[in-house]
Structure formats: C-alpha cells, structure tokens
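Below is one structure, written out as structure tokens; comments come after it.
In what follows, chains carry the letters A, B, and so on, assigned in the order in which the sequence lines appear, proteins first and then strands, with residues in each chain numbered from 1.
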Protein chains: 2
Amino acid sequence: MTTTAGGAARHNALSIGEVARQTGLSVHTLRWFEREGLYLRPIPRAGQRRVFDSADVAWLLLCNRLRASGMPIAEIRRFAALVQAGPGNEAERLALLEAHEQEVRKRVTMLMECLDIIHGKVDVYRRHLAAGTADRLWAPPFADVGADAARQPTP
Amino acid sequence: MTTTAGGAARHNALSIGEVARQTGLSVHTLRWFEREGLYLRPIPRAGQRRVFDSADVAWLLLCNRLRASGMPIAEIRRFAALVQAGPGNEAERLALLEAHEQEVRKRVTMLMECLDIIHGKVDVYRRHLAAGTADRLWAPPFADVGADAARQPTP
DNA sequence: GTAGGTTCTAGAGTCTGCTCTAGGTCAAGC
DNA sequence: GCTTGACCTAGAGCAGACTCTAGAACCTAC
C-alpha cells in the first residue's frame, strides 16, 4: 500500500469488465472517467480495447474513497493531471490532499452537530409517543381559528 | 426548542426577504420550497405576498440541518406531508427521523474510514517530501520503456 | 409623481455526476 | 457460418437541487 517501487505492471492485463467487477464502478463509468481525464495515465489499447492493470484498479479504489468523501470530479482530475505531469509537483499534490482532508474533517464535525439536533427530535417523538401525548406535537388544521395557540415552534 | 405549546404565532409576520436573511436561504429557494411542498403549512398571503412567521423559520432551520446531513428533498417533503396530515401519524414521523439518523451515523463512519485512507496518503507525501524522495512517488512518462519498473501501486 | 426596492408568477436554464442508446467491431464456441 | 457476449465511439438523456429570467405589481421615500 505504500510507495516502494516494483509492483504491479504489464503482465496484469485487465479488461474493462474485470476492472468494473473489482472496483464496483460500471463499465460506462470507467469509460466516462477516461473522457473526463481521471486516470493517472492514458489507458493503453489492444486493438480498440482498453487494457487496464492493477495499478489502475488501485487508483480507482482510491478514487472511490475520494468521491465517497465528497471530492468533486474536477479536483480528482486536477490531482490526476498533477501526477501525469510527472515528478516535481509533489508539494502541490500534498496540498490538494491536505485540503481535502480538512474538508472531510469539517464535514464530519458538521454531521455530528446535525446528528445532535436530529437525535433530539427523535427523542422528543419517542418520549411523546411513549407518554401518549404525541398528538400534541403538532396540530393542524392551519385555518385561522382565532387565537394563536395552535402552532408550536418545531415539529 | 422542545414541544411545549403556546409560542410563536401570527404577530410575528415576516417577509420572504426577512426569512431569507434569518435562514441563509435565498428568496428564490424559499419560493421553490413552496412549489415543492416543503412547508408545514400553506404559507398565507397578504395580498400576493407571503407572510411567514417564526415557526416557519424554525422549521427552515431544521430543514437546513436535514439537508446538510444529506436528506433528499423528497424525504423532507414526505415528512412535511405527514405533519400537514395532522395528528395520528407520529410513529411514521419518528420512523422517518430514526431512519435518517441511522443513515447519518453510517455516513459518519464511512467518512472516518475515508479519512484514515486519505490521511495515510497525506502522511506518505509528507514523509517523502521531508526526505527529499518525493520524486519516487510516481514517475511518468508512461511510454513503454521496456521493463515494467516504472509503475507504483498507488500515487 | 416618480425612482428604488421588494415582491410576485411561470417557466427556462444550470451544474454535477452519472447512465443509457444507437450502431457497430471482434473473438470464441457450436 | 452464425450466434452470443464483451467491447467500442459519440452523443443524448436524466435526476437532483437549485438559480435565474422576464415581465409585472406594489410600497415607501423624496
């Protein structure tokens, strides 16, 4: 998983269908990735057909994580372009990854704030249902019945 | 914030612009919410103009949290419809909220897994940059130079 | 009374990230 | 020889969530 030289290479020829199976991405999506410039290299062909290898799969699995954690396609493309541009821009690649890491950390924090609030609501509903007072949680109709006793702050 | 009766009501008339300011949503979005059936009541009018109150604002703030935590508009609409349908479906509302809470918890877990992997990458880049060996992290060109020594597992 | 700001409706347009279609090539197995 | 299945390209279509446009009404202040 680290960066020692040597590893995966040409022997390891994989068809697009095989790569789809290994990555969980659809064949359509793998072709679309190419059009979008998301691979780390131009995918070679045998005749017309793409020939992937296990390094491509490893990159796609990383892509899955980056996308699942909310990195936009455009930023994955930028990273791929940096790698394609060759050595010398590693600081830039690091900056991009660090920025994303920070983004994700912020999002986790934000989600946990949301969870607090949502769980609070769940709790209120649970307690009112248990107590048999759930009908007091919110009471339409909204027709103006005169006074303003009907509406509660939040349901 | 809980569910005691009484509170916010008719006196509290707010224009759409005011609500936009208080919720951070755009005026456009507030109107779109109405078309999409996301409010807990039909928003009344003074002439043509919508008249909101602070309970609407409270609901919109909750909506912000639900959306920020990934609840699709369609599900917010379902919840709003349940509330509009009046008392008697509180168990359904609770189920909806509970399901969302579980979704969000799963997503937090998933994001933390992603963070692990991303931080691992960041770490590799940092260490290689510090050691001055960053150029070994990835080495194009990809032109077939004969042997397969060029490609590493993942950049 | 007129300029400026806010609001209205209905509907079109945008952006992201896929997903599918049409029409075709190619290799293997019966 | 023919069918089947995997693959190809180019491009259209789609879902979700907004976002904006056009054209008009209305209210307040000068």
Side-chain angles (χ1 to χ4, degrees), chain A residues 13-39 42-53 56-57 59-81 100 103-104 107 110 114, chain B residues 13-39 42-53 56-57 59-81 100 103-104 107 110 114:
Chain A
L14 301 170
S15 72
I16 196 168
E18 194 52 43
V19 174
R21 249 160 273 136
Q22 288 184 28
T23 59
L25 295 162
S26 77
V27 166
H28 285 309
T29 300
L30 291 172
R31 287 198 275 253
W32 178 74
F33 265 44
E34 189 182 56
R35 275 184 267 167
E36 294 292 308
L38 303 186
Y39 290 109
I43 302 299
R45 310 293 167 119
Q48 282 199 300
R49 304 187 171 200
R50 292 168 183 83
V51 182
F52 294 86
D53 68 23
D56 298 315
V57 170
W59 164 241
L60 287 168
L61 292 174
L62 177 59
C63 280
N64 277 348
R65 296 306 190 146
L66 294 175
R67 291 185 315 136
S69 57
M71 185 181 282
I73 293 296
E75 211 162 325
I76 298 182
R77 177 164 40 233
R78 256 192 65 216
F79 187 80
H100 182 58
E103 272 305 300
V104 180
R107 243 145 49 85
M110 185 267 282
C114 289
Chain B
L14 301 170
S15 72
I16 196 168
E18 194 52 45
V19 174
R21 250 158 273 137
Q22 288 184 28
T23 60
L25 295 162
S26 77
V27 166
H28 285 309
T29 300
L30 292 171
R31 286 197 276 252
W32 178 74
F33 264 44
E34 189 182 57
R35 274 184 269 168
E36 294 292 308
L38 304 185
Y39 290 110
I43 303 299
R45 310 292 167 120
Q48 281 198 303
R49 302 185 173 202
R50 292 167 183 83
V51 182
F52 294 86
D53 68 23
D56 298 314
V57 170
W59 163 241
L60 288 167
L61 292 174
L62 176 60
C63 279
N64 278 347
R65 297 304 192 149
L66 294 174
R67 291 185 316 134
S69 57
M71 184 181 281
I73 293 297
E75 210 162 327
I76 299 182
R77 175 163 42 232
R78 257 191 65 217
F79 187 80
H100 183 59
E103 273 304 301
V104 180
R107 244 147 46 86
M110 186 267 283
C114 289

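The residues B:E75 and B:R78 are annotated as not salt-bridged, no charged nitrogen and carboxylate oxygen being separated by less than 4.0 angstrom. The pair A:E34-A:R31 does not count as a salt bridge, with every side-chain nitrogen at least 4.0 angstrom from each carboxylate oxygen.
Residue-environment remark: CZ (B:R77) exceeds the threshold of 12 foreign heavy atoms within 6.0 Å.
Not one N or O on the side chain of A:R49 forms a donor-acceptor pair closer than 3.5 Å with the backbone of A:S15. Between the side chain of B:D56 and the backbone N or O of B:W59, no donor-acceptor pair lies under 3.5 Å. With A:R67 contributing its side chain and A:I76 its backbone, the two residues share no donor-acceptor pair below 3.5 Å.
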At a cut-off of 3.5 Å, list every protein nitrogen or oxygen paired with a nitrogen or oxygen from nucleotides 6-15 of chain C, distance to 0.1 Å.
| unit_1 | atom_1 | unit_2 | atom_2 | d |
| --- | --- | --- | --- | --- |
| C:dT6 | O2 | B:R49 | NH2 | 3.0 |
| C:dT7 | OP1 | B:S15 | OG | 3.0 |
| C:dT7 | OP1 | B:G17 | N | 2.9 |
| C:dC8 | OP1 | B:R50 | N | 2.7 |
| C:dC8 | OP1 | B:R50 | NH1 | 3.0 |
| C:dC8 | OP2 | B:R31 | NH1 | 2.8 |
| C:dC8 | OP2 | B:R50 | NH1 | 3.1 |
| C:dC8 | O5' | B:R50 | NH1 | 3.4 |
| C:dT9 | OP1 | B:R45 | NH1 | 2.7 |
| C:dT9 | OP2 | B:R50 | NH1 | 3.1 |
| C:dT9 | OP2 | B:R50 | NH2 | 2.7 |
| C:dG11 | N7 | B:R35 | NH1 | 3.2 |
| C:dG11 | O6 | B:R35 | NH2 | 3.3 |

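One can place CD of A:E36 at 14 Å from P of D:dA10, the figure rounded to the nearest angstrom. Taking atom CG of B:L25 as the reference point, atom P of D:dA17 lies 14 Å away to the nearest angstrom.
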task: Show your working on side chain to side chain contact (heavy atoms under 4.5 Å, CB included) between A:I43 and A:F33 and close with a plain yes or no.
output: CA-CA 11 Å; A:I43 302 299; A:F33 265 44; over 6 Å; no
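Proximity of residues 63-78 of chain A to DNA chain D (heavy atom under 4.0 angstrom from any strand atom) is not detected for any residue.
Looking at heavy atoms from C-beta onward, B:L66 lies out of side-chain contact with B:F79 at the 4.5 angstrom threshold.
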